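Following: one structure in structure tokens, then a few remarks.
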Amino acid sequence: MIRLERTIGIVLRVGVVASSISLAVGVILAFLNAPGAQLLLHVGVVTLLATPVARVIASIADYAGERDWTFVALTAIVLVELLGSVAAALVFNRRL
Amino acid sequence: MPLVTPTLALIIFAVGAASGSLGALLGIGGGVFLVPFLNLVLRLPFPVAAAISLTTVIATSSSVSAGRTGKQLINMRLGMLLEVATAGGSLLGGVTAQMLAQSTVQKAFGVVAAIVAFITLTRLQRRNVILDPGIDPGVLGGRYHEDESGGTVTYRVKRLPLALVASFIAGNVSSLLGIGGGVIKVPVLNAWCGIPLRAAAATSAFMIGVTATTGAVIYYGTGQLVPSLAAAAVLGVQLGSWGGMRFGQRTSAKWLKILMAAVLIVVSFVMFTAGTR
């Protein structure tokens with residue numbers, strides 16, 4: 001249980017720091033009309049969105065390691081719901 | 001899509017900082033203030049405003065929860081179980097948001113803001129549930145060390161179906177309106193489900209990252225999540241909540257809550273009126 005908290009803490013911290021850095025650099029580059037700004041901004045947003053997903057995947061792995069199948073199943077449902085929103089996003093994506 | 005200018009980004013950064021620090025002082029997310037400002041003052045379409053707000057919810061949830069891990073204040077098992085309901089509600093809300101007219105969503109926001117104002121006012125005196133230290137926390141309950149009292153707080157989870165229903169509604173409202181949904185979950189978990197306020201708030205803050213992501217991904221797919229504006233808001237909120245937590249943690253928040261309820265009633269009225277025009 002303590003180990004899971006520690007793992008989740010690391011995943012969240014890495015995700016927040018990485019996305020904040022790319023968003024900050026992206027915004028500054030956008031102000032300067034420099035190339036690569038849009039790419040960095042998208043990388044920052046995707047990293048931000050991927051952080052909770054990574055946290056859910058880490059939880060599934062940890063519960064599986066503890067053979068806590070009830071929570072493996074529950075957390076897997078959460079992952080399926082997250083993937084469901086990705087599927088919905090693709091359906092709604094008017095740019096495709 | 002709105003034209004992104006440096007001025008617009010700077011305004012959003014400043015508003016993000018203000019709502020982030022207010023959110024940290026009040027122990028709520030700032031989305032309930034950020035969304036109306038973006039939608040009504042800056043005239044961004046409602047889904048664009050909601051998407052920007054949701055990204056700030058994810059950032060706040062992740063950074064606040066990262067700082068709290070290891071203290072066992074976050075009830076991870078309960079959080080993961082309730083996430084099944086919030087993520088489901090959020091997925092439904094995100095899909096619904098694409099089908100509703102802006103006026104309908106504005107009216108819904110007006111109603112929810114009024115409810116939040118009411119909850120805030122009725123809970124001014126509420127401190128905590130009475131706890132029996134001898135109880136067995138069970139599978140979903142928890143145990144954490146409280147610094148102020150120096151003791152260990154143990155609690156059991158009561159009325160789980162109610163917690164699940166509240167989480168589903170909170171998730172639904174979250175992705176539709178662009179707020180975290182903690183203002184709905186935390187009072188229910190605390191008042192009826194036996195969870196101490198601090199554990200309820202920490203667990204809710206932990207959950208809303210997943211809830212908001214489920215909604216935000218859909219807005220990203222539809223192109224309604226504008227990365228540059230989201231970046232300005234996220235950086236502003238991060239700065240604001242850092243400042244709010246650093247300088248305002250020990251200030252009495254009672255008058256601030258009354259002020260917030262008053263502002264929310266105005267927001268509710270203005271949003272509802274905007275929706276009926």
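Proteins come first, then strands; the chains are lettered A, B, ... in the order of their sequence lines, and each starts at number 1. Values in this document were obtained by computation on a predicted structure and should not be read as measured data.
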Using non-hydrogen atoms and a 4.5 Å limit, figure out which bit of [X] sits close to chain B: side chain, backbone, both or neither.
{"X": "A:V56", "answer": "side chain"}
{"X": "A:A30", "answer": "neither"}
{"X": "A:S20", "answer": "both"}
{"X": "A:V17", "answer": "neither"}
{"X": "A:V53", "answer": "side chain"}
{"X": "A:L74", "answer": "both"}

For residues [X] and [Y], report the shortest heavy-atom separation together with the two atoms involved.
{"X": "B:M80", "Y": "A:V78", "answer": "O-CG2, 3.9 Å"}
{"X": "A:L23", "Y": "B:A231", "answer": "CD2-CB, 3.7 Å"}
{"X": "A:R13", "Y": "B:A66", "answer": "NH2-O, 2.8 Å"}

Heavy atoms, side chains only, cut-off 4.5 Å: are [X] and [Y] in contact?
{"X": "A:H42", "Y": "B:Y220", "result": "yes"}
{"X": "B:F13", "Y": "A:V27", "result": "no"}
{"X": "B:S63", "Y": "A:L12", "result": "no"}
{"X": "B:R77", "Y": "A:D68", "result": "yes"}

_Heavy-atom pairs under 4.5 Å with chain B, option from A:T70, A:I77, A:I10, A:L49 with the top count_ = A:L49
*asked:* With chain B as the partner, which of A:T75, A:V45, A:V11, A:L40 has the greatest number of non-hydrogen pairs under 4.5 Å?
replied: A:V45
Residue [X] versus chain A: region with a heavy atom under 4.5 Å:
{"X": "B:F206", "value": "both"}
{"X": "B:V234", "value": "side chain"}
{"X": "B:A87", "value": "both"}

What distance do [X] atom [atom1] and [Y] atom [atom2] have between them, rounded to the nearest 0.5 Å?
{"X": "A:E81", "Y": "B:E83", "atom1": "CD", "atom2": "CD", "result": "9.5 Å"}
{"X": "A:L48", "Y": "B:L54", "atom1": "CG", "atom2": "CG", "result": "10.5 Å"}
{"X": "B:L10", "Y": "A:F31", "atom1": "CG", "atom2": "CZ", "result": "4.0 Å"}
{"X": "B:M76", "Y": "A:L4", "atom1": "CE", "atom2": "CG", "result": "5.5 Å"}
{"X": "A:S19", "Y": "B:L235", "atom1": "OG", "atom2": "CG", "result": "8.5 Å"}

*All ring pair (Phe, Tyr, Trp, His ring centres under 6.0 Å) counterparts of A:F71, not counting sequence neighbours*: A:Y63
_Contacts with chain A made by residues 207-218 of chain B (heavy-atom distance under 4.5 Å), listed by residue number_ = B:M207, B:G209, B:V210, B:T213, B:T214, B:A216, B:V217, B:I218
*Against chain A, work out which of B:S65, B:A9, B:G88, B:S90 has the most heavy-atom pairs shorter than 4.5 Å and name it.*
B:G88
*Main-chain N/O of B:T222 paired to A:N93 side chain as donor or acceptor, under 3.5 Å*: no
